[in-house]
> 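I have a structure here, written as structure tokens, and I will follow up with some questions on it.
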Amino acid sequence: QVQLVESGGGLVQAGGSLRLSCAASTRTLNQNAMGWFCQAPGKEREIVAAINWSGSSIYYADSVKGRFTISRDNGKNTVYLQMNSLKPEDTAVYFCAAKATLGWSLQGSSYSYWGQGTQVTVSS
């Protein structure tokens with residue numbers, strides 16, 4: 001059974017930084033795209049960033065461009081989200097997700113495996 005375990009969330013002041021990590025239980029996901037999604041209270045889940053297996057294709061939502069960096073270490077079966085210059089509007093539960101098949105997608109419905117989520121709270 002594939003498991004994704006996130007860590008690194010927490011409470012931070014505006015302008016601060018956090019680094020989220022997502023460890024996969026299997027190296028078979030190393031060939032697949034992975035992404036970070038977020039869901040704020042009362043809002044739909046939305047994509048934050050995505051990365052293909054090699055890191056050669058990366059996507060960022062406009063709201064996080066220049067502030068967040070997604071990366072992956074396939075040797076450690078782990079994907080990261082470095083979050084800098086955090087804003088109160090970044091407050092949400094952040095989920096790591098992985099596709100079960102090859103190919104690129106920015107749609108949450110295309111991702112088969114999800115972590116439990118980690119809370120990020122940015123105070124003003």
> Without swapping roles, check the side chain of N32 against the backbone of L29 for a donor-acceptor pair under 3.5 Å.
no
> Report the distance from atom CE of M34 to atom OH of Y113, rounding to the nearest 0.5 Å.
11.0 Å
> Please name all residues satisfying side-chain hydrogen bond (donor to acceptor under 3.5 Å, both in side chains) with S105, sequence neighbours left out, ordered by chain then number.
S110
> Apply the side-chain contact (heavy atoms from CB on, under 4.5 Å) test between V79 and each candidate in D73, I51, L4; give the one that qualifies.
I51
> Looking at Y111 and A33, what are the two nearest heavy atoms and their distance?
CE2-O, 3.9 Å
> Given I58 and I70, is the side-chain contact (heavy atoms from CB on, under 4.5 Å) satisfied, shown in steps?
CA-CA 8 Å; I58 289 177; I70 188 171; 3.6 Å; yes
> Side chain to side chain contact (heavy atoms under 4.5 Å, CB included) with Q82: which residues, sequence neighbours excluded?
S17, R19, T69, N84
> Set out, in order, the CA-CA distance, both residues' side-chain angles and the distance that settles side-chain contact (heavy atoms from CB on, under 4.5 Å) for W104 and L102, then state yes or no.
CA-CA 7 Å; W104 181 248; L102 299 179; over 6 Å; no
> Are Q119 and T121 linked by a side-chain donor-acceptor pair shorter than 3.5 Å?
yes
> Give me the atom names and distance for the closest heavy-atom approach of R72 to N52.
NH1-O, 3.0 Å
> Which residues satisfy the side-chain hydrogen bond (donor to acceptor under 3.5 Å, both in side chains) test with Q31, sequence neighbours excluded?
none
> Do you know which two heavy atoms are closest between A14 and S124, and how far apart they sit?
CB-CA, 4.4 Å
> Looking only at heavy atoms, what is the nearest atom pair of G115 and F95, with distance?
O-CD2, 3.7 Å
> For Y94, check ring pair (Phe, Tyr, Trp, His ring centres under 6.0 Å) against everything at least two apart and list the hits.
none
> Measure from the side-chain N and O atoms of E6 to the backbone N and O of G117, and report whether any donor-acceptor pair falls under 3.5 Å.
yes
> Is a side-chain donor or acceptor of K76 paired with a backbone partner of T78 at a separation under 3.5 angstrom?
no
> Hey, could you give me each pair passing salt bridge (Lys or Arg N to Asp or Glu O under 4.0 Å) that has a residue in residues 34-63? Not counting sequence neighbours.
D62-K65
> For the atom pair OH (Y80) and SG (C22), what is the distance rounded to the nearest 0.5 Å?
10.5 Å
> Consider only side-chain heavy atoms of I, L, V, M, F, W and Y, link residues closer than 4.5 Å, and tell whether V93 and V120 are in one cluster.
no
> Test side-chain contact (heavy atoms from CB on, under 4.5 Å) on Y60 and V48; report intermediate values, then the result.
CA-CA 6 Å; Y60 294 106; V48 176; over 6 Å; no
> Do you know the tightest heavy-atom contact between S85 and R67?
O-NH1, 2.9 Å
> I'd like to check the side-chain hydrogen bond (donor to acceptor under 3.5 Å, both in side chains) partners of T28; sequence neighbours left out, ordered by chain and number.
T26
> How many angstroms lie between atom CG of L20 and atom SG of C38, to the nearest 0.5 angstrom?
10.5 Å
> May I ask you to decide if N77's main-chain N or O and N74's side chain share a donor-acceptor pair within less than 3.5 Å?
no
> Mind checking whether F37 and W114 have parallel, tilted or perpendicular rings, split at 30° and 60°?
tilted
> For I47 versus A50, what's the shortest heavy-atom pair and its separation?
CD1-CB, 4.0 Å
> First locate atom CG of D90, then atom OG of S63, and finally report the distance between them rounded to the nearest 0.5 Å.
7.0 Å
